[in-house]
Number of protein chains: 2
Amino acid sequence: MTTSGVVPQARFSAQARLRALQSDIMELILERELEAGDPLPTESELSGALGVGRNTLRESLKVLQALGVIEIRHGFGMFVAPSNFDALADGLTFRGRLSLRHQGLEALQLVDVRQALESGLIGSSMDVMSKEQLASIEEAVKQMEDLASAGENFVAADAEFHRRLFEPLNNELLINLMGVFWKVYRKIHVEIGPGNEDLVKTAAMHRSIYAAVAAGDKVSASELLNRHFDGIRRRITEAVED
Amino acid sequence: MTTSGVVPQARFSAQARLRALQSDIMELILERELEAGDPLPTESELSGALGVGRNTLRESLKVLQALGVIEIRHGFGMFVAPSNFDALADGLTFRGRLSLRHQGLEALQLVDVRQALESGLIGSSMDVMSKEQLASIEEAVKQMEDLASAGENFVAADAEFHRRLFEPLNNELLINLMGVFWKVYRKIHVEIGPGNEDLVKTAAMHRSIYAAVAAGDKVSASELLNRHFDGIRRRITEAVED
DNA sequence: GGTTATCGGATGTAGGACGTCCGATGCTCG
DNA sequence: CGAGCATCGGACGTCCTACATCCGATAACC
């Protein structure tokens with residue numbers, strides 16, 4: 001037995017300790033009333049203040065970075081981050097691809113959630129939509145149509161269309177979540193291959209959604225979005241059945 | 001210059017390299033067709049295979065663990081994880097609390113998203129709801145009423161009510177997301193204090209929601225849920241205005 | 001005065017040493 | 001012979017040291 005002196009609180013699982021460490025760091029940020037963009041103490045300082053080695057601390061810091069809590073800049077310092085959902089996207093993408101090998105369950109669930117969000121919120125968004133925002137939506141549609149007639153893929157334009165659809169709500173969390181879903185879907189899209197999708201038809205579908213929004217017809221807009229998602233769902237199902 | 005032999009790909013930001021490393025690990029899982037619960041190579045093996053130090057590797061592994069991609073068991077090994085959104089909850093909770101110091105913007109956005117999901121999906125859930133599931137919902141209501149009349153708080157019962165409301169959809173992703181929102185809301189709830197909420201009134205509100213669901217009245221159910229969330233939103237706004 | 005070289009500090013990476021935990025093997029004892 | 005326990009080996013957890021890399025700022029230089 002070499003346990004001379006102080007015995008560390010050994011009766012806790014390592015995982016719990018690491019989570020506690022993360023909480024401590026976040027608590028420290030809140031206590032010191034740091035705002036987004038404010039600098040955090042250096043690794044050495046934190047390491048000393050929290051009573052853990054730099055290595056252990058760094059593992060927690062990396063997690064916080066992945067969660068979008070802090071931002072780390074090499075050779076400069078660490079800061080409270082504004083917002084970053086990229087890591088979540090990676091995690092979900094992984095699960096989605098993993099599930100594609102079975103029945104694509106998680107991928108379909110993802111579509112369900114997205115559908116609920118979009119068709120559920122389109123009405124509210126239309127309520128506060130400005131003329132400029134409406135115009136920017138049509139612009140995205142036009143871009144899709146151009147790309148479609150050229151036979152090129154238009155995933156980016158598609159994503160932009162949906163993003164602009166809900167920009168008026170001014171809800172960053174929602175935009176971020178939808179961004180995550182898009183990222184995942186895009187990756188899955190690559191996985192299941194281009195398939196036999198009809199670009200022109202898809203573009204036309206978006207044109208009709210825009211038309212309903214422009215006309216202020218909430219019911220139609222919601223309905224069309226639902227049909228849009230049915231199509232996506234069908235494509236995933238078909239791809240899995242190979 | 002001591003760059004003898006191979007020069008590491010030095011022209012990339014450290015952050016990009018770390019993300020690449022995470023992707024490599026996930027790619028490795030997909031390539032080897034590992035399923036949830038399957039063991040990963042040991043840290044040493046991975047460290048060697050990917051050509052990075054154990055320390056760097058561990059930082060990526062910890063992130064993947066936080067994202068719910070892998071599960072790490074001390075002294076045993078690492079495994080592909082089933083599903084885990086806890087870390088996401090922590091990240092969102094932090095942002096929510098951070099935003100409470102301003103105008104509670106992010107907290108309100110969170111409620112908006114939750115509202116869209118719940119009032120948007122209640123109809124679909126009612127379509128596939130079994131009698132047993134309906135009964136379990138009433139059970140949750142009863143529990144809330146009991147606790148309310150006893151003057152005790154019933155956050156857990158409240159969360160359970162909402163969870164059971166959407167259990168029929170069989171959408172794990174949705175349940176997880178809602179679980180995250182609850183976790184965040186609960187933490188924020190503690191932050192803004194018990195306030196002057198009327199427990200009995202809240203319980204009654206849930207009773208009426210249940211009644212609408214039991215009666216198969218989708219429109220009323222959705223409407224009541226919306227009103228429920230309006231109340232939550234009001235409480236957050238009031239708490240911030242101090 | 002503008003540009004460049006240098007410096008200090010902070011994060012990034014690597015490797016080693018030791019502690020801690022877990023499951024499995026093999027032993028002892030009833 | 002079987003149940004319980006001690007031991008063992010492997011794997012993750014933590015810490016330390018050393019060095020590389022990067023960034024911003026200061027100071028030297030033209």
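Being a predicted model, the structure only gives us computed values, none of them experimental.
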Short heteroatom pairs, N/O only, protein and nucleotides 10-14 of chain D, under 3.5 Å:
unit_1 : atom_1 : unit_2 : atom_2 : d
D:dG10 : N2     : B:G75  : O      : 3.0
D:dC12 : OP2    : B:E43  : N      : 3.0
D:dC12 : O4'    : B:G75  : N      : 3.3
D:dC12 : O2     : B:H74  : NE2    : 3.2
D:dG13 : OP1    : B:K62  : NZ     : 3.4
D:dG13 : OP2    : B:R58  : NH1    : 2.6
D:dG13 : OP2    : B:R58  : NH2    : 3.2
D:dG13 : O6     : B:R54  : NH2    : 3.2
D:dT14 : O4     : B:R54  : NH2    : 2.9

Query - Side-chain donor or acceptor of B:T56 paired with backbone N/O of B:V52 under 3.5 Å - result: no

Query raised in the report: So, the side chain of A:E45 versus the backbone of A:T42: is there a donor-acceptor pair under 3.5 Å, distance only?
Result: yes

Query raised in the report: Among pairs that include at least one residue of residues 44-78 of chain A, which meet ring pair (Phe, Tyr, Trp, His ring centres under 6.0 Å), considering only residues two or more places apart or in two chains?
Result: A:F76-A:F79

Report summary line: Taken to the nearest whole Å, CD1/A:I70 to P/C:dA10 is 16 Å

Requested in this report: Output yes when a side-chain donor or acceptor of A:Q109 lies under 3.5 Å from a complementary backbone atom of B:N171, and no otherwise.
Outcome: no

Query raised in the report: Checking A:R97 side chain against B:E27 main chain: does a donor-acceptor pair fall under 3.5 Å?
Result: no

Report task. Please state whether the rings of A:H206 and A:H162 are parallel, tilted or perpendicular, taking 30° and 60° as the class boundaries. Result -> perpendicular

Indicate every side-chain donor-acceptor pair of residues 30-40 of chain B with a distance under 3.5 Å to a residue at least two apart or in another chain.
unit_1 : atom_1 : unit_2 : atom_2 : d
B:E35  : OE1    : A:H102 : NE2    : 2.7
B:E35  : OE2    : A:R101 : NH2    : 2.9
B:D38  : OD2    : B:E35  : N      : 2.7

Report task. Only pairs at least two apart or in different chains count here, so list each salt bridge (charged side-chain N to carboxylate O under 4.0 Å, His left out) that has a residue in residues 165-180 of chain A. Result -> A:R163-A:E167

Query raised in the report: Among residues 25-34 of chain B, which residues get a heavy atom nearer than 4.0 Å to DNA chain C?
Result: none

Query raised in the report: Within the side chain of A:R164, is there an N or O that forms a donor-acceptor pair under 3.5 Å with the backbone of A:S136?
Result: yes

Requested in this report: Please confirm whether the backbone N or O of A:S130 pairs with a side-chain atom of A:Q133, one donor and one acceptor, at under 3.5 Å?
Outcome: yes

Query - Euclidean distance, atom CG of residue B:L21 to atom P of C:dG12 [Å, nearest integer] - result: 14 Å

Report task. Rounded to 10°, tell me the angle between the two end axes of the helix from C:dG1-D:dC30 to C:dG30-D:dC1, each built from five pairs. Result -> 10°

